[in-house]
Amino acid sequence: MATELKNISEIRRHFHRNEDPIYFISATNFNLLGLDEWCKNFKYISYIDCYGGKHPNTFVPSEQPHAEFQSIEDINNYLLQHKEVIDLIKRRGGKPKFVFLMFDEETERLSKELGADVWFPKAKLRQKMDNKIETVRIGNKAGVPSVPNTLSVVESYDHLKEVCDKAGLGHDLVLQSAYGDSGHTTFFIKSAADFRRHEHEIVGQGEIKIMKRIDCRGSAIEACATREGTIVGPLMTELVGFKELTPYRGGWCGNEIFSTAFPPKVRQKARELTFKFGEQLRKEGYRGYFELDFLIDKKTGDIWLGELNPRITGASSMTNHAAFAHADAPLFLFHLLEFSKKKFSLDIKELNNRWADPKMIDSWSQMVIKHTDDTVDIATDVPETGIYRMREDGSIDFNRFDYHRRAVESESEAFFLRILQPGDYRYEGADIGILVTRGRSMTNGFKLTERSKRWIHGIKKGVHGRPMPTAEAGPALADPAFKIL
């Protein structure tokens with residue numbers, strides 16, 4: 001008879017002694033950075049080698065000819081068919097378990113061929129939950145309110161105004177299509193000219209979420225729906241649309257985690273709403289890791305549901321490295337526990353209360369640095385992964401290689417994870433890398449600090465490119481419509 005895990009200590013020991021190989025397969029290992037040190041036999045299979053071959057648990061197969069990638073799912077399906085990946089999985093044996101950032105039904109089919117279990121809800125269910133229209137409906141069932149909105153097909157600007165007049169939303173609007181990330185599928189519409197600019201992305205796209213525009217702060221919170229209840233992480237601020245980091249208005253470009261990110265009432269309310277949403281997800285048949293974006297009204301402090309990401313996200317490395325994760329266990333470990341079918345019993349209320357304690361949260365920031373100029377070239381030099389130091393004059397130097405962000409000792413140091421590789425195309429919106437620092441990256445007024453600007457400038461200064469041969473300029477350089485993070 002299988003023994004039941006009855007406390008955090010037993011859960012941690014269970015994973016330290018884990019025998020089944022578990023693989024995180026994605027473009028990079030960024031989202032689950034450090035999980036390999038909590039779980040024995042946890043390996044990363046990545047498309048991009050962020051570490052120059054120096055990470056002991058990351059496998060990057062040699063480049064093989066492939067069709068142009070249109071999504072992270074394409075990258076994962078390429079990896080699962082790569083002979084070197086197949087050989088690695090067969091050589092290591094056992095009953096493999098796969099976790100992904102993104103996957104589709106083809107990924108599930110390829111995983112089954114390799115004799116592996118996918119430790120996430122089915123792709124079909126995830127896709128349903130990922131629909132921004134469906135998020136509103138789930139939130140309504142759970143008693144988690146969205147920004148005043150209506151859901152409608154949009155035929156023209158005049159039709160949009162009619163719909164909004166009927167719903168009492170006014171004409172200063174934010175529109176979102178059902179799928180896609182905030183940098184590409186969120187449209188700010190205040191006039192006919194605004195509408196014309198995005199008409200081809202709105203008309204004919206099916207039901208659109210039409211929201212009253214509010215003056216708000218973005219926030220993110222991650223949680224895990226388990227059979228024992230929903231475990232809730234800390235509320236994080238979001239960096240959105242900073243021109244130094246991203247060319248996309250409304251585009252996510254980082255997070256901060258610190259104990260006083262929002263007033264105590266707001267933090268507590270966000271946690272309560274996340275728990276309620278997670279409990280509704282369980283009723284809908286979804287379990288495991290998820291993230292919610294909340295919009296917090298600057299004037300009233302009201303909290304509105306923004307969107308659901310039924311997966312790990314770009315913020316997951318922040319959640320899974322917070323002080324509470326080191327004191328107890330990373331949130332993603334509970335996801336693995338849920339899918340392992342191992343019996344466990346936890347006092348979820350007690351755990352959530354403990355994780356709500358400000359002492360359980362230390363202060364960190366991450367900034368996702370993109371190429372923001374409207375230019376295209378081929379990268380020749382990109383700062384390598386490791387620890388960087390800022391001198392008193394604000395200049396930045398590479399100090400040493402490391403793949404641990406906890407190696408950052410003070411606010412004058414930072415961990416940089418290189419995404420853009422020498423030889424890659426550098427185009428507007430291309431990811432250069434992720435910079436992780438101690439302390440805050442924004443002021444209390446949600447502007448980038450001068451220190452952050454110096455870090456960004458220092459990293460970008462180390463990126464150089466060469467012009468492309470004329471023959472290479474063409475459709476192959478189109479900005480991919482997906483984020484790899």
Counting only N and O atoms by type, is there a donor-acceptor contact under 3.5 Å from the side chain of Asp74 to the main-chain atoms of Gln70?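 Yes.
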
Are side-chain heavy atoms of Pro247 and Lys370 found at a separation under 4.5 Å? yes

Report yes if the side chains of Val85 and Leu114 come closer than 4.5 Å at any heavy-atom pair, otherwise no.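 The answer is no, as the side chains (C-beta and beyond) never meet within the 4.5 Å cut-off.
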
So, are Glu307 and Lys209 salt-bridged, with charged N and O less than 4.0 Å apart?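 A salt bridge is absent here (no side-chain N lies under 4.0 Å from a carboxylate O).
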
Sidechain N-carboxylate O distance under 4.0 Å for Arg354, Glu350: yes

Go through the side-chain N and O atoms of [X] and [Y] and say whether any donor and acceptor fall under 3.5 Å apart.
X: Glu84; Y: Ser62; answer: yes
X: Arg92; Y: Asn41; answer: yes
X: Trp38; Y: Asp36; answer: no
X: Thr230; Y: Glu279; answer: yes

Verify ring pair (Phe, Tyr, Trp, His ring centres under 6.0 Å) between Phe120 and Phe100, making sure each step is shown before the conclusion. CA-CA 8 Å; Phe120 261 107; Phe100 303 95; 8.0 Å; no

Please test Phe42 against Phe15 for ring pair (Phe, Tyr, Trp, His ring centres under 6.0 Å), starting from the C-alpha separation and ending with a verdict. CA-CA 10 Å; Phe42 191 101; Phe15 283 104; 9.5 Å; no

So that I know where these two stand, are His371 and Tyr427 an aromatic pair - ring centroids less than 6.0 Å apart? no

Would Tyr23 and Tyr44 satisfy ring pair (Phe, Tyr, Trp, His ring centres under 6.0 Å), going step by step from the backbone distance to the final call? CA-CA 5 Å; Tyr23 301 92; Tyr44 305 103; over 10 Å; no

